[in-house]
Structures are given as structure tokens and as C-alpha cells.
Amino acid sequence: MARNPIELAGARPGPPFEITFDGRTVTALPGQSVAAALWAAGILAWRTTRRGGRPRGAFCGIGQCYDCLATVNGRPNRRACLVPARPGDAVTTQQGDGHER
Amino acid sequence: MSAEPYDLAVIGAGAAGLAGAVHAAGQGLSVALLDDAAQAGGQFFRHPAPALKAGRPQALHHHWSAFRELRSRLAASAVDHLTGHHVWTVTRDGDLPWAVHALTGADGEEQRPVCIRARALLLATGAYERQLPFPGWTLPGVVSAGGVQAMLKSGLVLPGRRIVVAGSGPLLLAAASSLATAGARVPLVAEAAGYLGYARHPGALAANPGKLAEGALHAKVLARHRVRLSTRSAVTEVHGTDRVEAVTVRRLDRDWRPLPGTGRRIACDALAVGHGLVPRIELATALGCATRQAPDGTSVLVLDDRQQTSVPGLWAAGETGGIGGWQLAAVEGELAALAVAHRLSGRPAPARVRELRRRRDRMRRFAEAMGAAHRPGPGWTHWLQDGTEVCRCEEVTAGSIREAVAELGARDARTVKLLTRAGMGWCQGRMCGAAVACLAAGGGGAAASEERRPFAVPVPLGTLAALDEPN
Ligand SMILES: Cc1cc2nc3c(=O)[nH]c(=O)nc-3n(C[C@H](O)[C@H](O)[C@H](O)COP(=O)(O)OP(=O)(O)OC[C@H]3O[C@@H](n4cnc5c(N)ncnc54)[C@H](O)[C@@H]3O)c2cc1C
Ligand code: FES
């Protein structure tokens with residue numbers, strides 16, 4: 001019986017690569033979205049809300065809820081569930097609408 | 001951009017759109033197939049990107065061979081498959097061809113505006129999940145049930161190790177069985193409805209043995225992994241500070257009102273939740289297409305017996321005409337393709353149309369019986385506390401929405417939105433629409449939200465301005 005999804009799907013991706021999340025190194029697999037790479041590292045939140053400053057991450061998983069907005073390589077408001085992770089990407093927690101600070 | 005319009009533009013490359021595109025091409029039509037994703041498949045047939053090199057993608061799909069066949073027919077056809085195209089509006093001037101406007105890129109952020117012209121249009125945009133809020137549902141680790149499926153099927157990842165599944169509808173069983181198969185512990189599936197609801201429609205059930213077999217398949221997987229299913233139960237609270245640590249599950253009465261004294265706490269690190277699906281029809285409602293309320297409480301497109309909407313030249317298939325699953329979607333896509341070919345070429349419709357209509361009607365009856373059984377009961381609003389966020393984007397609480405209704409006299413979702421900003425954020429009310437419509441109607445149940453949005457995806461101002469320029 002499969003212990004994890006990679007085994008279950010018989011996946012043999014190319015070599016993993018590194019991205020960073022708030023400066024910390026995270027390993028991603030070729031073909032994963034930014035959100036998938038963060039989930040695989042146990043990270044569930046990468047945005048804080050505009051009013052309450054509360055943590056949020058992926059919710060709908062299909063590009064519809066906009067809760068997964070992250071700042072990727074300095075550009076805010078990227079839907080992490082849709083954007084593919086690329087080697088060297090710097091993902092940072094997006095504060096509010098991402099335009100302050 | 002070609003000057004010659006396509007015969008048919010299909011929006012959405014799920015089961016409905018794929019079937020529509022390949023069958024239209026088979027009838028000799030020139031076809032453009034637009035979808036926001038990088039790969040065909042839609043929600044049900046979502047699968048890992050090629051770079052993940054999944055040797056056994058069928059491990060997460062019961063019907064992978066059906067998709068493989070559609071995909072190879074697409075590859076062998078002359079259909080122009082336009083991936084990464086986010087359609088934000090559709091326009092038509094008089095008798096000129098339809099103009100389909102899209103933004104490109106993984107998340108539409110490449111923002112290269114594209115316009116595709118076609119003589120006929122098939123809307124196969126599928127659905128998104130219906131959410132009903134409850135205390136703690138905004139905590140990281142609470143994910144939509146379909147979203148968990150989508151992230152698992154495409155990225156081969158899980159949000160946690162111990163995942164409670166809750167809400168209502170057949171998608172919960174599918175999600176729970178994928179999660180368990182992929183190695184997660186699923187301590188409980190909490191279904192708010194009583195499955196007995198189906199028994200009231202024995203005719204529709206008997207005519208759809210395939211659907212029953214599918215349910216039985218999930219049940220078998222769940223039994224093998226010792227996953228418990230509690231009907232008439234709901235997660236009414238999530239605990240944790242920065243992420244999910246536990247949930248409280250309560251028994252419900254027939255109206256989905258929590259029964260006092262029945263709460264039990266279950267430790268978990270994630271919750272997958274959803275209360276059925278909502279058709280994605282805003283491109284059509286913006287054009288004035290007629291809608292009706294389906295038995296599940298959602299607003300769906302009114303279609304004639306050959307899948308045409310109330311707007312001539314615009315056909316629809318799959319979830320846009322009512323939630324019904326991928327098999328029904330594929331049948332409707334084929335039926336629509338034959339209807340469009342018949343209309344454009346004037347040739348007599350093939351005899352197959354009658355058989356497709358028969359299958360469609362049979363599956364629709366079943367889907368409507370199922371939708372009625374899982375329609376939210378009016379008591380769900382008793383899950384809410386005043387501080388519960390209803391609108392995730394604008395952080396609007398149940399308390400302020402109730403105040404707008406009780407004290408400021410709001411009677412519909414639009415007025416509530418103007419008074420509180422609920423539904424005004426990035427998602428344009430997709431996540432809170434169902435809940436706000438119920439609260440505005442002064443009670444619970446499933447009031448259909450309007451599904452009217454100016455654009456199907458957020459659009460930069462520059463693109464809007466460029467629309468006026470002749471091209
Ligand atoms: C998140 C989610 C997960 C699901 N998982 C399952 C499951 O595991 N099992 C199951 O039986 N059913 C599942 N379903 C139900 C699913 O709706 C149907 O089974 C089936 O996929 C319906 O086929 P369809 O062709 O009508 O729509 P879909 O398969 O949803 O296809 C619609 C396509 O259109 C695209 N699209 C929509 N709007 C636009 C636009 N404006 N511009 C460009 N492209 C657009 C979408 O991205 C999608 O690719 C899920 C539904 C959702 C919402
Ligand atoms: S998780 Fe909903 S948009 Fe990305």
C-alpha cells in the first residue's frame with residue numbers, strides 16, 4: 001500500500017530543485033506549483049490578511065478563491081496554486097495586498 | 001491571430017469541452033479549445049504535469065482510460081488547443097462572430113490579451129465548490145474538498161497526515177478515498193445529509209447502476225482503510241491558533257441544525273470541506289442567458305433539448321447546465337457538438353442524437369435526485385457565531401451581515417454587499433456567495449446566489465481600455 005502520493009502515482013521526476021520561502025530553503029519537484037512545493041514542506045500559510053493580519057494559504061486549489069496569493073520574485077498577488085515553481089524562485093509571505101512595506 | 005473565424009470555440013477542456021471539441025472536429029468543423037490550465041482534463045481528469053513523470057496516473061482516477069481516449073482523439077484532431085487562456089469575457093456585435101477575450105499565462109499574469117473569433121460557442125466551464133462557513137474555517141489547514149483532490153492529483157501533495165473530511169455530497173467520498181489511498185489517515189467523513197434521501201427517487205437510482213457502482217467502489221476503499229462515515233453530522237468548529245489542531249463534530253437534525261450535547265473533538269492537522277458544487281456560468285449570465293434554480297439550490301443555465309442556451313449561437317455542456325459529474329458532461333459535450341454541426345452545416349442531425357439525449361436525460365434525473373438529497377438544510381446557519389468570517393477576502397463576519405439584514409434592512413446579496421463589502425473581494429463572491437444569499441434571505445437553506453460578475457477573471461485596466469480600439 002502506498003505511503004505517499006509520489007509512490008502511489010509511480011512518479012519519477014527529474015532532480016528536485018531549491019526555492020526559498022521567507023529566506024528558508026524549500027525543495028520542489030519539477031512540475032509542482034508553488035503551493036504544492038510549500039505543502040510538501042509542511043508550509044500551509046504564505047499570506048496575511050489585510051485587516052486582521054491573519055495567516056492564509058491555499059483553499060480552493062483551482063485558482064478560484066485567491067486565498068493563496070503570494071509574492072513570487074518580488075511580484076505580489078500571484079496565485080500560488082497555479083504558478084509553477086521554478087529553480088531559484090524566492091517566495092515571500094504577502095502582507096495584505098502586497099503593495100505596502 | 002487568424003482573420004478567419006473558427007466554426008466553434010469551446011471554453012473549458014474538462015470532460016464536456018474535450019468531448020465537444022473532438023466530436024465537433026469529427027463533424028468537420030474548425031475548432032478552438034480554450035482552457036486556463038496547462039493541460040486538458042478539467043477538474044475530474046486533473047493529473048500531474050509531465051515533468052512529474054507519473055508512471056501510474058490512473059492510481060488516482062477510476063476512469064483514466066476514458067480520459068486517455070479523449071486525449072488521444074484530441075491529439076489526432078485538427079482542434080487548436082489553446083492552453084493557459086483565461087477567458088474573461090465574451091462579446092458579440094450583431095451578426096458578427098463571437099469574440100472570446102482571454103488573458104494568457106499560468107495565472108493570467110502574463111496578461112497578453114488575446115481575442116478568438118468563432119461562429120458558435122460552447123461553454124464548458126465546469127464548476128467550483130459551494131462553501132458554507134463555520135467558526136475556524138479560515139485557519140490554514142482547512143482546505144476545500146475538491147481543492148485537496150486537485151492538489152493531490154496535480155502536485156502529488158497532501159495538506160497534512162490526519163485529515164478529516166466534512167460537508168455534503170458525493171465529492172466527499174471521492175476525496176476521502178483518494179486521501180486514504182495516498183497515505184493520509186482519515187479519521188472521519190462527516191456528511192451533513194442523510195444518504196436516505198436517495199431512496200425517495202428509486203426510479204432514477206435503478207436507471208443508473210454505474211453511479212451506484214461508483215459509490216460502492218469508494219465505500220470499499222473507505223472500509224479497507226477503516227474510514228468511518230457519519231451521516232447527519234458536521235464539523236461546526238475548527239480549533240488551533242495558526243493552523244488546524246482539531247475539529248468539533250456535531251450531530252445534525254433533518255434541517256442541518258446542530259443537536260446540543262453531541263459535540264466531540266477529533267484531533268487532526270487538516271480538514272477537507274465542501275458542500276456540493278456551483279456551476280461556473282458568469283460568462284453566460286453576462287450575455288443574458290436564462291437561468292433556473294436546480295434542486296440542489298444552485299443557479300444553472302436553461303438549455304434546450306440540444307444543449308443550446310436561451311441566447312442563439314451559444315451552447316453549454318457539463319456542470320454549467322447543472323451539477324452531474326464527468327460522464328454526463330461528456331455526453332452533453334458530444335450532443336452539443338452534433339447540434340452545432342447540424343446548425344452550421346444544415347446537414348440532417350445523425351441518429352446518434354436520440355441515443356445521446358436518452359442517456360443525458362437519464363443521468364440528469366439521477367443528478368437532480370442526488371442534488372436534492374444534499375441541498376443544504378436551513379439549520380446550517382446555527383453553526384455561525386457572530387465573529388465567524390463569512391467573506392474570506394474582505395474579512396466580513398456573520399455578525400455584520402446579520403446587522404445589515406436585521407437593522408439596515410438588506411434583503412438580498414447585492415444590498416448586503418454594498419453595506420458590508422461581503423463578496424466584493426478578489427474572488428468576487430465565489431466562496432461566500434451561497435452563504436451571503438442565505439443570510440440575506442433571512443434564513444438558511446440554499447438560496448441561489450446571482451452568479452453575475454462583470455468579468456470571469458480579474459482584468460487589468462489596460463486590457464479593458466484596449467477593447468475599444470479596433471483590431
Ligand atoms: C475542485 C473540484 C474537484 C473535483 N473533483 C472531482 C473528483 O475527484 N471526482 C468527481 O467525480 N468529480 C469531481 N469534481 C466534479 C467535476 O465538476 C466533474 O466531475 C467534471 O469535472 C465536470 O466536467 P466539466 O467538463 O463539466 O467541467 P470541468 O472538468 O470543471 O472543466 C471545466 C474547465 O474549464 C476551465 N475554465 C472554467 N472557466 C474558464 C475560463 N473563464 N477561462 C478558461 N478556462 C476556464 C476550467 O479550468 C476547467 O479546466 C470536482 C469539481 C471541482 C470543482
Ligand atoms: S487556492 Fe484558491 S486561488 Fe489558489
Side-chain angles (χ1 to χ4, degrees), chain A residues 1-14 28-47 49-70 72 75-86 97, chain B residues 36-38 43 46-57 59-60 86 105-109 128-129 131 138-144 146-160 181-183 225 242-244 270 280 389 392-395 425-427 430-431 457-458:
Chain A
M1 203 178 293
R3 301 259 132 242
N4 63 57
I6 303 276
E7 255 176 53
L8 176 67
R12 292 173 182 201
L29 294 175
Q32 282 181 328
S33 64
V34 167
L38 294 174
W39 273 22
I43 298 163
L44 296 180
W46 49 84
R47 174 171 90 86
T49 60
R50 269 177 302 162
R51 289 160 218 272
R54 281 181 290 260
R56 297 280 179 85
F59 180 69
C60 75
I62 61 165
Q64 291 288 299
C65 72
Y66 295 81
D67 244 346
C68 66
L69 296 179
V72 181
R75 251 178 88 185
N77 298 322
R78 306 300 307 270
R79 277 173 284 173
C81 69
L82 299 183
V83 176
R86 303 206 194 285
D97 61 13
Chain B
D36 46 21
Q43 305 307 350
R46 195 176 281 274
H47 55 285
L52 271 163
K53 299 210 175 85
R56 273 192 310 276
L60 284 162
H86 303 247
D107 60 349
E109 285 288 303
Y128 55 88
E129 258 175 306
Q131 294 296 343
T138 53
L139 262 187
V142 180
V143 190
S144 83
V148 166
Q149 277 284 64
M151 294 280 290
L152 174 56
K153 285 176 173 182
S154 63
L156 304 178
V157 289
L158 298 168
T181 310
H225 293 276
D242 283 340
R243 56 192 292 168
V244 177
R280 238 173 124 173
E389 270 171 351
R392 301 173 68 92
C393 302
E394 295 292 319
E395 301 164 76
W426 274 99
C427 86
R430 286 189 181 89
M431 297 302 122
V457 300

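What you see is a predicted model, and the numbers here were worked out from it, not measured in a lab.
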Anything under 3.5 Å between a donor and an acceptor, one on a side chain of residues 38-47 of chain A, the other on a protein residue two or more places apart or in another chain? List them.
from: A:Trp46; atom 1: NE1; to: A:Cys68; atom 2: O; distance (Å): 2.8
from: A:Arg47; atom 1: NE; to: A:Asp67; atom 2: O; distance (Å): 3.0
from: A:Arg47; atom 1: NH2; to: A:Asp67; atom 2: OD1; distance (Å): 2.6

Report task. State plainly whether the residues A:Arg50 and B:Glu394 are in salt-bridge range, i.e. N to O under 4.0 Å. Result ->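 Answer for the salt bridge query: yes.
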Query raised in the report: Quick one: do B:Asp107 and A:Arg75 make a salt bridge, cutoff under 4.0 Å?
Result: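 A:Arg75 and B:Asp107: not salt-bridged.
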Relative to chain A, which of [options] shows the most heavy atom pairs under 4.5 Å?
| options | result |
| --- | --- |
| B:Ser144, B:Gly147, B:Cys393 | B:Ser144 |
| B:Ala49, B:Ala270, B:Gly155, B:Ser154 | B:Gly155 |
| B:Arg46, B:Glu389, B:Glu129 | B:Glu389 |
| B:His47, B:Glu395, B:Met151, B:Lys53 | B:Glu395 |
| B:Ala54, B:Ala59, B:Pro57 | B:Ala54 |
| B:Asp242, B:Leu158, B:Leu152 | B:Leu158 |

Chain A contact via [X] - side chain, backbone, both or neither, heavy atoms under 4.5 Å:
| X | answer |
| --- | --- |
| B:Leu60 | side chain |
| B:Val142 | both |
| B:Pro48 | neither |

To the nearest 0.5 Å, how far apart are [atom1] in [X] and [atom2] in [Y]?
| X | Y | atom1 | atom2 | value |
| --- | --- | --- | --- | --- |
| A:Tyr66 | B:Arg392 | OH | CZ | 15.0 Å |
| A:Gln32 | A:Ile6 | CD | CD1 | 6.0 Å |
| B:Arg430 | A:Ile62 | CZ | CD1 | 9.5 Å |

**Report entry** Region of A:Ala37 that comes under 4.5 Å of a non-hydrogen atom in chain B
**Finding:**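 Looking at A:Ala37, nothing touches chain B.
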Report task. Please identify each residue that fulfils side-chain hydrogen bond (donor to acceptor under 3.5 Å, both in side chains) with B:Gln131, with sequence neighbours left out. Result ->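 Partners of B:Gln131 under the side-chain hydrogen bond (donor to acceptor under 3.5 Å, both in side chains) test: none.
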Chain B contacts, top residue of [options] (heavy-atom pairs, under 4.5 Å):
| options | value |
| --- | --- |
| A:Gly31, A:Gly61, A:Pro13 | A:Pro13 |
| A:Ala9, A:Ala58, A:Ser33 | A:Ala9 |
| A:Arg54, A:Arg12, A:Gln64, A:Arg78 | A:Gln64 |

Query raised in the report: Do B:Arg243 side-chain atoms and B:Gly141 backbone N/O form a donor-acceptor pair below 3.5 Å?
Result: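 No, because the side chain of B:Arg243 does not come within donor-acceptor range (under 3.5 Å) of the backbone of B:Gly141.
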Requested in this report: Might you confirm whether atom CZ of A:Arg51 has over 12 heavy atoms from other residues, nucleotides or ligands at distances under 6.0 Å?
Outcome: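 More than 12 heavy atoms, drawn from other residues, nucleotides or ligands, come within 6.0 Å of this atom.
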